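The structure appears right after this line, and notes come after that.
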Amino acid sequence: MANFVYLIGCERTKEAAIVDPAWDARAIAAAAERAGYKITKIFATHSHFDHVNAAAELQQLTGASLYANENELPLLQRAASGWKGTKDNEVVMVGEVPVTCLHTPGHTPGSQCLLVEGRVITGDTLFVGNIGRCDLPGSSPEALYHSLMRLKALPPETIVLPGHHYGDKPSSTIAEQAERNMYLRIPSAEAFLHLMGL
């Protein structure tokens, strides 16, 4: 499914967080260890299986704390137990690196993007050249539109790191997506809903 799993590392403390652990917990843990990092936190951008199916095993391997948006917690209990709910704009420290949790509903009720040092990890909210689905149970096209506009308002040089490699390259910038991604050029929620057939 061309998933991306991200590591956020603090170079001074060597603490790390894993974002959206999927498919192979042991390989994720081994990659962090090879890079010299200790995994202390695990973030989920949302609850879908293909983003969290290694969360429980990775938590058992590392003892890391689990974080997801508070609106997503009821959907995550089957993936692992002990999730801590984040609020919109809450900052979680990974060592000395601040990670800002942005609540970006639409793909799911508690989808969140993670803003860290000029980068935004967008999960399934925004892809390179596309967006996440909003026709699934719990999805909201109108909420997704407003979440996309929030991301579009980030500094243009912000690097976009999506949840899947669905575009012509693995990452982009907000400026590039604002120019080339048709969904970010739609002028209103009404027009977005019309495009979605609603």
Side-chain angles (χ1 to χ4, degrees), residues 3-47 51-73 76 79-105 110-126 128 147 150-165 169-177:
N3 284 73
F4 286 122
V5 177
Y6 294 102
L7 183 149
I8 301 168
C10 175
E11 291 185 353
R12 199 187 78 77
T13 67
K14 293 301 180 183
E15 293 180 53
I18 298 297
V19 182
D20 287 355
W23 309 112
D24 195 335
R26 293 186 181 278
I28 294 168
E33 184 176 358
R34 283 195 306 272
Y37 288 102
K38 175 179 172 53
I39 299 169
T40 60
K41 294 180 172 68
I42 297 168
F43 288 96
T45 61
H46 63 291
S47 60
H51 291 263
V52 296
N53 59 46
E57 185 179 359
L58 187 62
Q59 198 276 336
Q60 291 167 2
L61 288 170
T62 63
S65 301
L66 298 159
Y67 294 86
N69 181 268
E70 59 187 353
N71 296 282
E72 202 77 350
L73 296 186
L76 278 162
S81 58
W83 293 91
K84 299 179 180 181
T86 59
K87 297 183 181 298
D88 186 32
N89 288 317
E90 181 175 343
V91 176
V92 178
M93 299 301 295
V94 178
E96 296 179 354
V97 176
V99 178
T100 303
C101 302
L102 307 178
H103 182 210
T104 51
S111 285
Q112 67 176 357
C113 296
L114 303 174
L115 189 60
V116 52
E117 295 190 340
R119 297 166 177 83
V120 61
I121 300 172
T122 56
D124 284 6
T125 298
L126 175 64
V128 174
S147 293
R150 183 180 188 186
L151 293 177
K152 185 179 178 180
L154 292 173
E157 67 275 12
T158 304
I159 297 170
V160 175
L161 302 171
H164 295 271
H165 192 353
K169 55 186 178 179
S171 64
S172 182
T173 64
I174 290 295
E176 187 175 46
Q177 290 309 294

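Just so it is clear, the structure is predicted and the values come from calculations on it, not from any experiment.
- At least one side-chain heavy atom of Arg26 sits under 4.5 Å from a side-chain heavy atom of Asp24.
- Scanning all heavy atoms of the two residues, the minimum distance from Val97 to Gly9 falls at CG2-O, 3.9 Å.
- His51 and Asp124 form a side-chain donor-acceptor contact under 3.5 Å, judged by distance and modelled atom types alone.
- Ring to ring, His164 and Phe4 are not that close: their centroids are 6.0 angstrom or more apart.
- In the model, Thr86 has a side-chain atom that pairs as donor or acceptor with a side-chain atom of Gln112 under 3.5 Å.
- Comment: Arg119 does not engage Glu157 in a salt bridge, judged by the lack of any side-chain N to carboxylate O separation of less than 4.0 angstrom.
- With hydrogens and angles ignored, the 3.5 Å screen pairs a side-chain donor or acceptor of Arg150 with a backbone N or O of His103.
- At a threshold of 4.0 Å, the pair Glu15-Lys38 does not count as salt-bridged, since none of the basic side-chain nitrogens sits closer than that to a carboxylate oxygen.
- Proximity of Thr100 to Leu114: side-chain heavy atoms (C-beta onward) are nowhere separated by under 4.5 Å.
- Counting only distance, with no hydrogens or angles, the side chain of Lys41 and the backbone of Met93 share a donor-acceptor pair below 3.5 Å.
- Contact annotation: the side chain of Tyr6 approaches that of Leu161 to within less than 4.5 Å [non-hydrogen atoms, C-beta and beyond].
- Atom NZ of Lys14 is surrounded by more than 12 heavy atoms from other residues, nucleotides or ligands within 6.0 Å.
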